[in-house]
Amino acid sequence: MAHTAMSGNGTTAGDDPLQTAVWRLRSRACWADAAALLLPDTPAAALQRASLLVERCLYTEQGWEEAEDALRTAEALAHSDDERGAAACERGYLAYAATVLAVRDRADEARAALGRAAALIPPGAPRRALLDFRRGLLAENLTRSPQAARAAYRRAHAGATAQSDPLLLSFTWRHLAGLALRDGELAEARHGFTESLRIREELGYLVGTAPALVSLADTETEPEASRLREEARRLFRLLGGVPTWLARQLAPAPPAATA
């Protein structure tokens, strides 16, 4: 399953103490606690708070109403095209999450909101890389168009590189690698998954590390594959079973049938 959220607030040495605290909570799956630190009294704070709560929905499959409320606040406070585009990007991502997790089919809403965001956020703008990535997610998982997804992921990858956004880069590496694995390009897939895992470990992005370990395991042989999956299980348990959708991939294989 393909997932991401906002780009890496709070991941660089120059961040203020508030952003550092938000990042630490977010990376440890404490989205509600992180959101509680943010007063939604400015467009930027309201948007970041909404982003955190939308991400919680995707990782926990819970908190939909709270995310909707936070998103409406962010939409109401948005005044510039950039702010309106960013809020539309979050609206589309929440609708995507509800659809891909089979909570409710909101695919049309997701496409419309991300299309609106694309009209408001021009190519080359700071928020465009994240938008391109999310449009890739829709292409891959809702439209089932891997070629369009690959093109969107590559645009996002270039944008994240230009903006020095390591967290978003970890996602673009991961999803480009997933498409490569689907095409049978094992070496390319292994390289992309390795880069994604490396970045997440360097950032301390714990909630995203278990999925990265599982993906890399899919490209490795034994005993390395089993070692990676066991490490993923350890992190999964440590974070209280988050992300929820990873449970199916970490379930023990059934015993082999015997005659």
Side-chain angles (χ1 to χ4, degrees), residues 3-12 14-16 18-19 22-23 26 31 34-35 37-58 64 66-99 106-143 148-149 151-169 171-172 175:
H3 302 300
T4 186
M6 56 190 167
S7 55
N9 291 320
T11 63
T12 60
D15 284 332
D16 63 36
L18 173 61
Q19 288 301 324
V22 167
W23 166 252
R26 175 195 175 194
W31 295 278
L37 297 177
L38 300 167
L39 294 176
D41 53 1
T42 66
L47 179 69
Q48 188 180 6
R49 185 173 183 276
S51 298
L52 288 163
L53 295 174
V54 169
E55 185 172 79
R56 179 178 66 167
C57 292
L58 193 58
W64 301 94
E66 193 173 358
E68 289 281 0
D69 288 346
L71 189 50
R72 282 191 287 269
T73 299
E75 289 168 337
L77 287 175
H79 297 300
S80 68
D81 281 353
D82 182 65
E83 290 164 355
R84 285 191 290 268
C89 186
E90 292 303 326
R91 168 68 62 189
Y93 192 51
L94 182 62
Y96 163 79
T99 305
R106 296 172 61 180
D108 289 343
E109 181 186 352
R111 293 187 189 97
L114 292 188
R116 186 164 65 252
L120 292 166
I121 303 173
R127 298 187 193 273
R128 185 69 186 214
L130 180 61
L131 172 60
D132 285 338
F133 184 83
R134 290 176 173 175
R135 297 180 86 187
L137 292 177
L138 259 67
E140 181 179 0
N141 297 298
L142 301 188
T143 310
Y153 292 153
R154 284 175 174 166
R155 290 194 299 272
H157 191 84
T161 301
Q163 296 164 26
S164 300
D165 186 339
L167 184 60
L168 184 55
L169 270 176
F171 283 104
T172 55
H175 289 280

Engineer: What distance do Trp23 atom CH2 and Leu18 atom CG have between them, rounded to the nearest 0.5 Å?
Structural biologist: 14.5 Å
Engineer: Using the test side chain to side chain contact (heavy atoms under 4.5 Å, CB included), find all partners of Ala44 that sit at least two apart in sequence or belong to another chain.
Structural biologist: Thr42
Engineer: Over all heavy atoms of both residues, which pair between Ala156 and Phe133 is shortest? Give the atoms and the distance, please.
Structural biologist: CB-N, 3.6 Å
Engineer: Salt bridge check, Glu68 against Arg91: does any charged N sit closer than 4.0 Å to a carboxylate O?
Structural biologist: yes
Engineer: Applying side-chain hydrogen bond (donor to acceptor under 3.5 Å, both in side chains), can you list everything that pairs with Arg111, at least two apart in sequence or on another chain?
Structural biologist: Asp108
Engineer: When rounded to the nearest 0.5 angstrom, what distance separates OH in Tyr96 from CG in Leu137?
Structural biologist: 4.5 Å
Engineer: Who are the salt bridge (charged side-chain N to carboxylate O under 4.0 Å, His left out) partners of Glu83, not counting sequence neighbours?
Structural biologist: none
Engineer: Give the minimum heavy-atom separation between Ala117 and Cys89, together with the two atoms involved.
Structural biologist: CB-N, 3.8 Å
Engineer: Restricting to side-chain hydrogen bond (donor to acceptor under 3.5 Å, both in side chains), what partner residues turn up for Arg72, sequence neighbours left out?
Structural biologist: Asp69
Engineer: List the residues meeting side chain to side chain contact (heavy atoms under 4.5 Å, CB included) with Ala67, not counting sequence neighbours, and say none if there are none.
Structural biologist: Leu53, Val54, Cys57, Leu94
Engineer: Can you list, pair by pair, the side-chain donor-acceptor contacts under 3.5 Å of residues 122-129, counting residues two or more places apart and other chains?
Structural biologist:
| unit_1 | atom_1 | unit_2 | atom_2 | d |
| --- | --- | --- | --- | --- |
| Arg127 | NE | Asp82 | OD1 | 3.4 |
| Arg127 | NE | Asp82 | OD2 | 2.9 |
| Arg128 | NE | Asp132 | OD1 | 3.2 |
| Arg128 | NH1 | Ala118 | O | 3.2 |
| Arg128 | NH1 | Ile121 | O | 2.5 |

Engineer: With rounding to the nearest 0.5 angstrom, report the CG to OG1 distance, Leu138 to Thr143.
Structural biologist: 6.0 Å
Engineer: Report the residues that fulfil side chain to side chain contact (heavy atoms under 4.5 Å, CB included) with Thr99, sequence neighbours left out, ordered by chain and then residue number.
Structural biologist: Asp105, Arg106, Ala107, Leu142
Engineer: So which heavy atom on Ala149 is nearest to which on Ala139, and how close?
Structural biologist: N-CB, 3.6 Å
Engineer: Nearest heavy-atom pair of Ala50 and Ala74: which atoms, and what distance?
Structural biologist: CB-CB, 4.3 Å
Engineer: Check side-chain hydrogen bond (donor to acceptor under 3.5 Å, both in side chains) between Arg56 and all other residues, then give those that pass, not counting sequence neighbours.
Structural biologist: Glu66
Engineer: Can you sort out the partners of Arg155 under side-chain hydrogen bond (donor to acceptor under 3.5 Å, both in side chains), two or more places apart, ordered by chain and number?
Structural biologist: none
Engineer: How many angstroms lie between NE2 in His175 and CZ in Arg154, if you round to the nearest 0.5 Å?
Structural biologist: 15.5 Å
Engineer: At their closest point, which heavy atom of Leu58 faces which heavy atom of Ala97, and how far apart are they?
Structural biologist: CD1-CB, 3.6 Å
Engineer: Can you list every pair that meets salt bridge (charged side-chain N to carboxylate O under 4.0 Å, His left out) and has a residue in residues 113-124, with sequence neighbours left out?
Structural biologist: none
Engineer: To the nearest 0.5 Å, tell me how far Leu52 CG sits from Glu90 CD.
Structural biologist: 9.0 Å
Engineer: Once rounded to the nearest 0.5 Å, what's the spacing between atom NE2 of His79 and atom CG of Leu77?
Structural biologist: 6.0 Å
